[in-house]
Chemist: 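Input: one structure, supplied below.
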Amino acid sequence: MAGLLASRNLVVGAGRKCLRPVASIHRQLCSEEQSESLTEQLDRDGFVIVRNAVNSDLVREIQGHVDFLLKRYPELPPEHLHHPLIEYDAFWMRVASEPALLDLASQFIGDDIALFASHYFCKMPRKGKRVRWHQDGAYWFLKPMKVVSMWLAVDKSDTTNGCLQVVRGSHKQPLQELTPSVNVGNDVLSSYTDVKVKKKDVVDIELQPGDVEIHHPNIIHGSKANKSDRRRCGLTLRYIPTTTQVYAPALYDVMSPWHMRGQVVPNVNQYATWPAFHPSYSYIFNGCAEWNQKPNIFQSAVDESRLLTEAAVKKLGLRKVQRIIDDLQATSKVLKAKEP
């Protein structure tokens with residue numbers, strides 16, 4: 001799927017060489033409706049689609065990265081490739097810091113940007129799980145709830161393989177309490193928003209690889225199970241302004257945001273160090289040879305990366321992602337206990 005580059009990147013071990021960055025490709029972000037600005041569309045409908053948000057070279061690398069993660073973490077459900085894996089994954093941060101995506105985020109939250117969370121939702125052919133109706137903001141510890149959620153299509157996403165669905169205009173509703181799922185085995189999430197949705201208000205978000213859908217934290221959305229013979233994978237990127245506080249004391253070590261661009265506001269967040277690249281365990285990508293020279297990467301992170309093995313990185317990633325999965329299940333149990 002990702003071609004020769006992806007297959008070569010799947011090889012893990014010593015003696016690997018980084019690829020040099022290719023020349024940037026000029027592209028124009030085009031929205032579904034040219035007559036309105038992106039922010040006007042988001043305010044009106046609660047979502048907006050941007051076609052060709054990232055170029056095809058980066059898309060191919062992202063597709064290879066998904067294959068890399070699925071191979072490294074077979075113990076994790078493909079729908080639960082959560083953001084703690086970023087800690088030792090330079091390429092994931094490379095994608096999150098893509099200038100075209102940060103430029104897009106700045107239209108909604110300004111130029112001082114942090115990454116709060118990121119997550120690959122990977123629905124495998126014939127067995128990818130459904131996501132019941134929910135509001136993202138109901139799960140998040142943000143103060144204030146100012147955030148831009150991007151859903152970057154890694155694979156072609158349509159009605160046959162369980163594309164994202166949104167309820168147009170539902171972002172105007174307040175955040176609602178979550179209801180625990182009865183049959184968690186069939187659902188990606190262990191809780192959902194119990195609402196009645198009119199079919200006429202549901203919009204199927206069909207995307208090509210490299211397209212981005214952006215939605216409001218209050219919008220009701222979900223997706224059906226993947227019953228097709230094709231994978232459906234998307235990468236979520238949750239950007240916040242540096243004035244928004246992330247608070248989750250029990251999970252702070254897996255919830256620390258990353259500063260991406262602009263000014264840091266003192267005494268609001270503690271920011272995690274960007275991951276360093278190391279050939280013994282990192283995914284190879286265009287620009288990896290120069291990656292550790294970035295100012296966001298401290299020398300201590302580079303030194304630490306030299307001491308780690310692929311097995312150690314895997315163990316750390318699994319432990320932290322499992323904490324998130326356990327926390328989601330614990331939330332569901334608390335909700336269920338509150339039921340009359």
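Nothing fancy with the numbering, it's 1 onward along the sequence.
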Chemist: I want to know whether His65 and Tyr120 have ring centres closer than 6.0 Å.
Modeler: yes
Chemist: Can a salt bridge be assigned to the pair Asp229 and Arg126 using a cut-off of 4.0 Å between side-chain N and carboxylate O?
Modeler: yes
Chemist: Salt-bridged, Arg94 to Glu98, with N to O below 4.0 Å?
Modeler: yes
Chemist: Any ion pair linking Lys172 and Asp45 (charged N to carboxylate O, less than 4.0 Å)?
Modeler: no
Chemist: Between Arg232 and Asp158, is there a side-chain N and carboxylate O pair less than 4.0 Å apart?
Modeler: no
Chemist: Using a strict 4.0 Å threshold on nitrogen-to-oxygen distance, state whether Glu206 and Lys156 make a salt bridge.
Modeler: no
Chemist: For the rings on His215 and Phe47, is their centre-to-centre separation under 6.0 Å?
Modeler: no
Chemist: Apply side chain to side chain contact (heavy atoms under 4.5 Å, CB included) to the pair Lys146 and Thr243, showing each step before the final yes or no.
Modeler: CA-CA 9 Å; Lys146 188 171 184 181; Thr243 51; 5.6 Å; no
Chemist: Mind checking salt bridge (charged side-chain N to carboxylate O under 4.0 Å, His left out) for Asp112 and listing every partner two or more places apart, or none if nothing turns up?
Modeler: none
Chemist: Salt-bridged, Asp201 to Lys198, with N to O below 4.0 Å?
Modeler: no
Chemist: Check this for me, if you would: do Lys123 and Asp155 make a salt bridge, where the nitrogen-to-carboxylate-oxygen distance has to be below 4.0 angstrom?
Modeler: no
Chemist: Any chance the rings of His83 and His119 have centres within less than 6.0 Å?
Modeler: no
Chemist: Would you say the ring centroid of Trp140 lies under 6.0 angstrom from that of Phe116?
Modeler: yes
